[in-house]
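Everything below concerns the one structure shown next.
All ligand and atom numbering here is 1-based and tracks the order in the structure.
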Amino acid sequence: MLNSSTVISVQNVTKKFKDITAVNSLSLEIRKGEFVALLGPNGAGKTTLIEMLEGIQSPDSGKISILGASWKDNESFLRGKIGLALQETRFMDKATVWETLELFGSFYKAPEQRLNEILELTRLTEKKKTFVNSLSGGQRQRLALGVSIMNRPEILFLDEPTTGLDPGARRDIWKILEDLRIEGTTMILTTHYMEEAEVLCERIIVMDKGTILDQGTLSELLGKMGGGEIVRFTLEGGAGKEPEVFLPKLGRSKFLWNPSNKEGRVFVDKITEYLPAMLDSFSKAGLALKELECHQKTLDDLFLSMTGRGLGE
Ligand code: ATP
């Protein structure tokens, strides 16, 4: 029985392309008003999953229900309820911002008041009469976001909405997304920027090889990985063998070793306790450090511990 606040339900969904299983018996529920990030390395199955939720692809098996309806029997109802903000939206360059909004607004019979609301929300009021080809990358992306919410979608899919934008333009998009969250829009974001998921989303779903590896708030996910800080080191020449035997066993420490570049990462509770003990045991074992770096745990570290690869790899 579905919870009444569930707006997206995915049950045992599988999608294959020849011998590749892009999405593998995956189940997921998203509640009204949630802002969810889907993260995973290249080929994890994110696009395939999202496109099935958007009704662009259909599953080989399993069930997807959006706002209680299936895509097969309710396509036009669902098209009116969802918004798609794509990575790149093509506009007519010879049209102004206002003409562009009028064109997209005409598809939904949106009144002029809605176009003005969108200008305000996307902070483009001053650019109303500017030709689209004179907008900056960030302004174009704000316009694309504005167009995608013309019909006041209950669910908005955001496919890497800030890829290629500079940090200032990215933050402008985040502000708009914050406003949409306050309005109660359910949003599903795919992104390669970890900090984007960290800043915006209350639930992060980590995917790899067509399945969900883990999900939760950022602090829940990071908390599962042992301690809160990371010691990263590389060793000078010679020491080809795994240095785990030389590492102090302190607290809930966890160790990852990459033999190809001789890089080790230890997840520790307290760097101040761990580091002196580590340096002492390395020195006794005759291991020489080439690099040493300490930092707070990030999603990339989480990824590495779950999949053996970083997010960007
Ligand atoms: P990225 O971050 O690179 O966009 P992704 O997580 O979105 O990756 P998908 O694009 O869903 O991953 O791909 C999952 C797997 O399915 C990959 O191995 C991909 O090569 C394969 N795949 C996806 N679409 C097709 C297709 N149309 N035909 C054949 N294989 C496909």
Problem set entry | Sorted by chain and number, the residues that approach ligand 1 to under 4.0 Å with a heavy atom |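 Around ligand 1, where the cutoff is 4.0 Å for heavy atoms, the contacting residues are Phe17, Ile20, Ala22, Pro41, Asn42, Gly43, Ala44, Gly45, Lys46, Thr47, Thr48, His192.
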Exercise. For Ser27 and Ile212, which heavy atoms make the closest approach, and how far apart are they?
Worked result: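 Minimum heavy-atom separation between Ser27 and Ile212: O-CD1, 3.7 Å.
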Exercise. Does the ring of Tyr193 carry Arg170 above it, NZ/CZ under 6.0 angstrom from centre and within 45° of its axis?
Worked result: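 Yes, Arg170 lies over the aromatic ring of Tyr193.
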For this session: State, yes or no, whether a side-chain contact exists between Ile30 and Arg203 at a heavy-atom distance under 4.5 Å.
Result: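 Yes, at least one pair of side-chain atoms sits under 4.5 Å.
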For this session: Check whether the ring centres of Phe233 and Phe282 lie less than 6.0 Å apart, and answer yes or no.
Result: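 Under 6.0 Å, so yes.
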Taking only distance into account, with no hydrogens and no angle test, what donor-acceptor pairs under 3.5 Å do side-chain atoms of residues 117-125 form with protein atoms, sequence neighbours excluded?
residue	atom	partner	partner atom	Å
Glu117	OE1	Arg114	NH1	2.8
Glu117	OE1	Arg152	NH2	3.0
Glu117	OE2	Gln113	NE2	3.4
Thr122	OG1	Ile118	O	2.7
Thr122	OG1	Leu119	O	3.4
Arg123	NH1	Leu121	O	2.7
Arg123	NH1	Asp179	OD2	3.2
Arg123	NH2	Asp179	OD2	3.4

Exercise. Can you tell me how far the CD atom of Glu198 sits from the CG atom of Leu218, to the nearest 0.5 Å?
Worked result: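 Going from the CD atom of Glu198 to the CG atom of Leu218 covers 5.0 Å.
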